[in-house]
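The residues of the chain are indexed from 1 along the displayed sequence. Keep in mind it's a predicted model, so treat the numbers as computed, not measured.
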Amino acid sequence: MSTTATYSSAFLATAAERGYIHQCTDFAALDERLAAGPLTAYVGYDCTADSLHIGHLMSIMLLRLFQQTGNKPIVLIGGGTTRIGDPSFRDEARPLLTDAQIADNIAGIRQVFTKYLTFGDAAGDAVMVNNADWLDELRYIPLLRDIGRHFSVNRMLTQDSVKTRLEREQAMSFLEFNYPILQAYDFVELSRRLDCSIQMGGSDQWGNIVAGVDLGRRVESRTLFGLTTPLITTASGAKMGKSLGGAVWLNADRLSPYEYWQFWRNTEDADIGRFLRLFTEMPLAEIVRLEQLRDSEINEAKKRLATEATALAHGRAAAEAAAETAREVFEGGGTGDDLPQVGLPRDLLAKGIPAFEAFARAGLAASNGEARRLIKGGGARVNDAVVTAEMQPVSLADLDPQGRIKLSAGRKRHALLRPE
């Protein structure tokens with residue numbers, strides 16, 4: 001069976017229909033098991049930051065669908081594996097974090113999942129576990145003897161995450177080389193503790209997932225399954241999930257609901273249908289209608305995408321507020337209370353700062369040089385008036401009645417400066 005096959009289980013049928021599936025270790029057997037009754041699956045997330053970003057979003061949506069179709073999802077927090085760092089498709093080792101940093105990151109990541117999954121003690125409720133609970137207790141010699149003997153170094157060297165680093169003659173430490181072994185061990189441990197039979201993740205995790213399936217068969221005689229999602233790029237070939245300011249974070253304290261909404265609003269025309277299927281729960285018939293819109297009408301589809309995706313991440317009220325802010329800014333000529341706000345010292349604004357510096361400080365340009373180019377190209381505005389010179393002062397004289405200064409970079413990016 002493949003992603004285009006007909007499935008008996010509600011989970012695989014819906015996942016395939018919406019485009020979530022890339023690879024599976026055994027489609028037919030997994031479909032049969034799912035059709036027979038509920039199963040348990042997990043996705044692992046290392047704690048390298050205090051929020052997840054939309055690069056993680058497809059796997060989160062897949063866990064949500066898994067629960068909605070009657071199954072039990074596990075969120076595995078990598079409190080242990082974060083200490084090593086996943087080498088998958090990276091050119092260099094991840095910075096090593098302290099235990100305190102990892103604990104802070106775990107607290108931030110927990111906030112994401114409460115929006116997407118239902119946690120509790122019922123049979124189908126989601127649970128969150130930390131692999132530090134068992135990895136921290138492992139002893140080195142028993143691990144080598146009981147687990148390490150099942151791994152072929154020859155095979156590990158053929159995994160893309162390892163092979164790519166070696167081909168580029170980029171150093172890979174023995175610490176990182178152990179990561180696939182620990183991820184495989186996680187799968188076996190979850191199968192023992194919580195009867196978990198499926199590991200899901202991005203396509204870059206395929207080698208690690210297969211290693212876990214194989215380890216479960218060797219040491220426990222268990223039949224385990226691996227399922228991956230496709231790598232998502234935009235229609236223009238760019239990696240999904242980056243904006244001018246960096247990662248598109250899922251926590252509101254890292255990226256405001258308005259900025260999150262605006263990210264989806266700026267989706268390329270050719271990606272509308274695909275992203276509506278993957279990142280919203282709108283009915284497919286309505287998605288088909290929206291993706292057929294053309295010219296200026298396609299903007300309505302983009303607004304629907306932005307509002308529905310933001311409602312999942314931040315709640316319906318925040319999504320509607322973001323949509324209204326965008327309407328005020330783009331259609332009504334207003335400032336919008338939910339626009340990103342940046343505070344500057346009042347005495348600095350009293351003297352006046354050059355416009356190029358104001359735009360850089362507001363995050364509307366990545367550097368002073370980029371801000372200068374924006375102004376030279378006529379794309380910078382202060383309170384909707386075009387900035388005509390790089391050194392044009394931005395000062396307290398520009399404050400609106402609400403005590404703010406609206407900066408605009410092009411038609412789609414705006415921020416408010418406020419004295420503090």
Report the residue from [options] that forms a side-chain contact (heavy atoms from CB on, under 4.5 Å) with [X].
X	options	answer
R83	L96, I102, L182	I102
F11	L62, I198, L39	L62
V112	N251, L57, L117	N251

Next on the checklist: Would S256 and E259 count as a side chain to side chain donor-acceptor pair (under 3.5 Å) here? Give the steps.
Outcome noted: CA-CA 5 Å; S256 72; E259 291 172 290; 3.0 Å; yes
Checklist entry - Taking the six-membered ring for Trp, are the ring centroids of F113 and F119 within less than 6.0 Å of each other? => result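 Judged by ring-centre distance (under 6.0 Å), F113 and F119 do not meet the cut-off.
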Next on the checklist: Ring centres under 6.0 Å, that's the criterion: do F279 and W264 meet it?
Outcome noted: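 Yes - the distance between ring centres of F279 and W264 falls below the 6.0 Å cut-off.
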Output side-chain donor-acceptor pairs under 3.5 Å for residues 122-129, partner residues at least two apart or in another chain, one line each.
residue	atom	partner	partner atom	Å
D125	OD2	D121	N	3.3
D125	OD2	A122	N	3.0

Checklist entry - Would E420 and R418 pass as an ion pair if we require N to O under 4.0 Å? => result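 Answer for the salt bridge query: yes.
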Just by distance, do the side chain of [X] and the backbone of [Y] share a donor-acceptor pair under 3.5 Å?
X	Y	answer
T25	G226	yes
D50	G108	no
T229	M58	no
S51	W249	no
Q23	L227	no

Checklist entry - Distance from Y20 atom OH to F66 atom CZ, nearest 0.5 Å? => result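 These two atoms lie 14.5 Å from each other.
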Checklist entry - Distance from Q199 atom CD to I209 atom CD1, nearest 0.5 Å? => result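 The CD atom of Q199 sits 4.5 Å away from the CD1 atom of I209.
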Checklist entry - Which is it for L250 and I54 under the side chain to side chain contact (heavy atoms under 4.5 Å, CB included) test, yes or no, and what are the steps along the way? => result CA-CA 7 Å; L250 299 180; I54 65 166; 3.6 Å; yes
Next on the checklist: Quick one, R316 with E308, criterion salt bridge (charged side-chain N to carboxylate O under 4.0 Å, His left out). Give me CA distance, side-chain angles, the key distance, then yes/no.
Outcome noted: CA-CA 8 Å; R316 179 65 59 179; E308 295 303 317; 3.1 Å; yes
Item to check | Partner of W261 by side-chain hydrogen bond (donor to acceptor under 3.5 Å, both in side chains), out of T307, N266, T325 | outcome: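 It is T307; the other options fail the test.
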Checklist entry - When Q183 is tested against each of N178, N208, T81, N131 for side-chain hydrogen bond (donor to acceptor under 3.5 Å, both in side chains), which residue passes? => result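 When N178, N208, T81, N131 are each tested with Q183, the side-chain hydrogen bond (donor to acceptor under 3.5 Å, both in side chains) holds only for N208.
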Under 3.5 Å, which donor-acceptor pairs link side chains of residues 138-146 to any protein atom two or more places apart or in another chain?
none

Checklist entry - Under the side-chain hydrogen bond (donor to acceptor under 3.5 Å, both in side chains) rule, what pairs show up with a residue in residues 284-294, not counting sequence neighbours? => result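 The answer is R277-E291, E286-R289, E286-R304.
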Checklist entry - Between F27 and Y7, how do the two ring planes meet: parallel, tilted or perpendicular, split at 30° and 60°? => result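 Ring orientation of F27 relative to Y7: tilted.
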Next on the checklist: Can you confirm whether Q68 sits close enough to T14 that some side-chain heavy atom of one is under 4.5 Å from a side-chain heavy atom of the other?
Outcome noted: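 When only atoms from C-beta onward are counted, T14 and Q68 do not touch, as no gap falls below 4.5 Å.
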Next on the checklist: Name the residue from Y258, Y116, Y260 that meets the ring-ring contact (aromatic ring centres under 6.0 Å, His included) definition with H314.
Outcome noted: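 Answer to the ring-ring contact (aromatic ring centres under 6.0 Å, His included) test with H314 among Y258, Y116, Y260: Y260.
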